[in-house]
Amino acid sequence: MAKKSKIQHNLKRIRLIEKYAEKRKELKAILADPETSDEDFYKAQRKLTKLPRNSSRIRARNRCSVTGRPRGYIRKFGLSRLTFRELANEGKIPGVTKSSW
């Protein structure tokens, strides 16, 4: 089990990302547009740097929804490899069976 503080910190980041997503998207569109004047470009750039760092999508960490483990994350199931294996062996994940050939 991951530290509770790390899990909460990541949840706070996710909330910030959701809060500032639209604003970031608008500013990024201005920066990417080749028709933007230099003055508008620099204004948008300044506004983007004023936003909190944790509002960037890249700063959120994929964590296991059961244990909070950050490594060995299986995106399709939202679980770490260890939790996935335990639940799959117990038959608690529908459609997943142990392979044999």
Side-chain angles (χ1 to χ4, degrees):
M1 184 84 184
K3 288 171 62 175
K4 301 265 188 215
S5 60
K6 288 291 184 184
I7 295 170
Q8 292 305 314
H9 195 112
N10 200 46
L11 291 175
K12 184 179 177 184
R13 282 182 175 161
I14 291 169
R15 284 193 298 272
L16 268 176
I17 292 166
E18 292 168 356
K19 181 179 177 183
Y20 289 100
E22 194 59 39
K23 195 171 208 173
R24 271 187 170 285
K25 190 176 183 180
E26 291 169 4
L27 293 171
K28 290 275 192 170
I30 293 169
L31 295 175
D33 184 20
E35 301 296 318
T36 306
S37 67
D38 287 345
E39 188 177 321
D40 291 338
F41 181 88
Y42 292 124
K43 279 183 184 177
Q45 203 173 37
R46 224 172 295 120
K47 286 181 183 177
L48 192 62
T49 57
K50 295 283 183 189
L51 294 178
R53 281 191 175 176
N54 284 335
S55 68
S56 176
R57 276 189 330 172
I58 199 73
R59 292 181 69 103
R61 185 85 162 114
N62 287 332
R63 288 184 172 269
C64 175
S65 58
V66 176
T67 61
R69 181 182 164 87
R71 305 275 178 107
Y73 180 79
I74 302 172
R75 201 177 280 232
K76 184 175 181 180
F77 299 97
L79 300 169
S80 69
R81 62 186 176 84
L82 304 171
T83 309
F84 174 79
R85 186 164 188 250
E86 287 173 11
L87 295 177
N89 283 339
E90 293 170 10
K92 293 184 178 176
I93 303 176
V96 176
T97 55
K98 191 170 179 182
S99 67
S100 61
W101 58 89

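All values reported here derive from a predicted model rather than from experimental measurement.
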How long is the gap from OG on Ser80 to CZ on Arg63, to the nearest 0.5 Å? 11.0 Å

When rounded to the nearest 0.5 Å, the distance separating OG of Ser55 from CG of Leu48 is 8.0 Å

Taking all atoms of both residues into account, what is the closest heavy-atom pair of Val96 and Phe84, and its distance? CG1-CZ, 3.8 Å

Other residues, nucleotides, ligands: >12 heavy atoms within 6.0 Å of Arg59 CZ: yes

Using the rule given for side-chain contact (heavy atoms from CB on, under 4.5 Å), can you reason through Asn54 versus His9, listing the C-alpha separation, both sets of side-chain angles and the distance that settles it, and then say yes or no? CA-CA 10 Å; Asn54 284 335; His9 195 112; 4.2 Å; yes

Neighbour count >12 (heavy atoms, 6.0 Å) for atom CD, Glu39: no

Looking at side-chain heavy atoms only, is the closest gap between Arg61 and Lys6 below 4.5 Å? no

How long is the span from the CG atom in Asn62 to the CG atom in Leu79, to the nearest 0.5 Å? 12.0 Å

Work out which heavy atom in Ile7 is nearest to a heavy atom in Gly68; give both atom names and the distance. CD1-CA, 4.0 Å

Distance check, rounded to the nearest 0.5 Å: Lys50 atom NZ versus Gln45 atom CD? 12.5 Å

Which atom pair, heavy atoms only, marks the closest approach of Pro52 to Tyr20? CG-CE1, 3.7 Å

In terms of hydrophobic clusters joined by side-chain contacts under 4.5 Å, are Leu27 and Tyr42 together? yes

Would one find more than 12 heavy atoms of other residues, nucleotides or ligands at under 6.0 Å from atom CZ of Arg24? yes

Just verifying a value: how many Å separate Glu35 CD and Asp40 CG, rounded to the nearest 0.5 Å? 12.0 Å

What's the spacing between Ile93 CD1 and Leu87 CG if we round to 0.5 Å? 5.0 Å

Between Thr83 and Arg69, is a side-chain hydrogen bond (donor to acceptor under 3.5 Å, both in side chains) present by the stated rule, with each step listed? CA-CA 9 Å; Thr83 309; Arg69 181 182 164 87; over 6 Å; no

Taking a hydrophobic cluster as the set of Ile, Leu, Val, Met, Phe, Trp and Tyr residues connected by side-chain heavy atoms closer than 4.5 Å, whether directly or through intermediates, do Leu31 and Ile58 fall within one such cluster? no

Sidechain-backbone polar pair: Thr36 side chain, Asp33 backbone, donor-acceptor under 3.5 Å: yes

Can you name the nearest heavy-atom pair linking Ala60 to Ile14, along with the distance? CB-CG1, 4.3 Å

Side-chain (Ser56) to main-chain (Arg53) donor-acceptor, under 3.5 angstrom: no

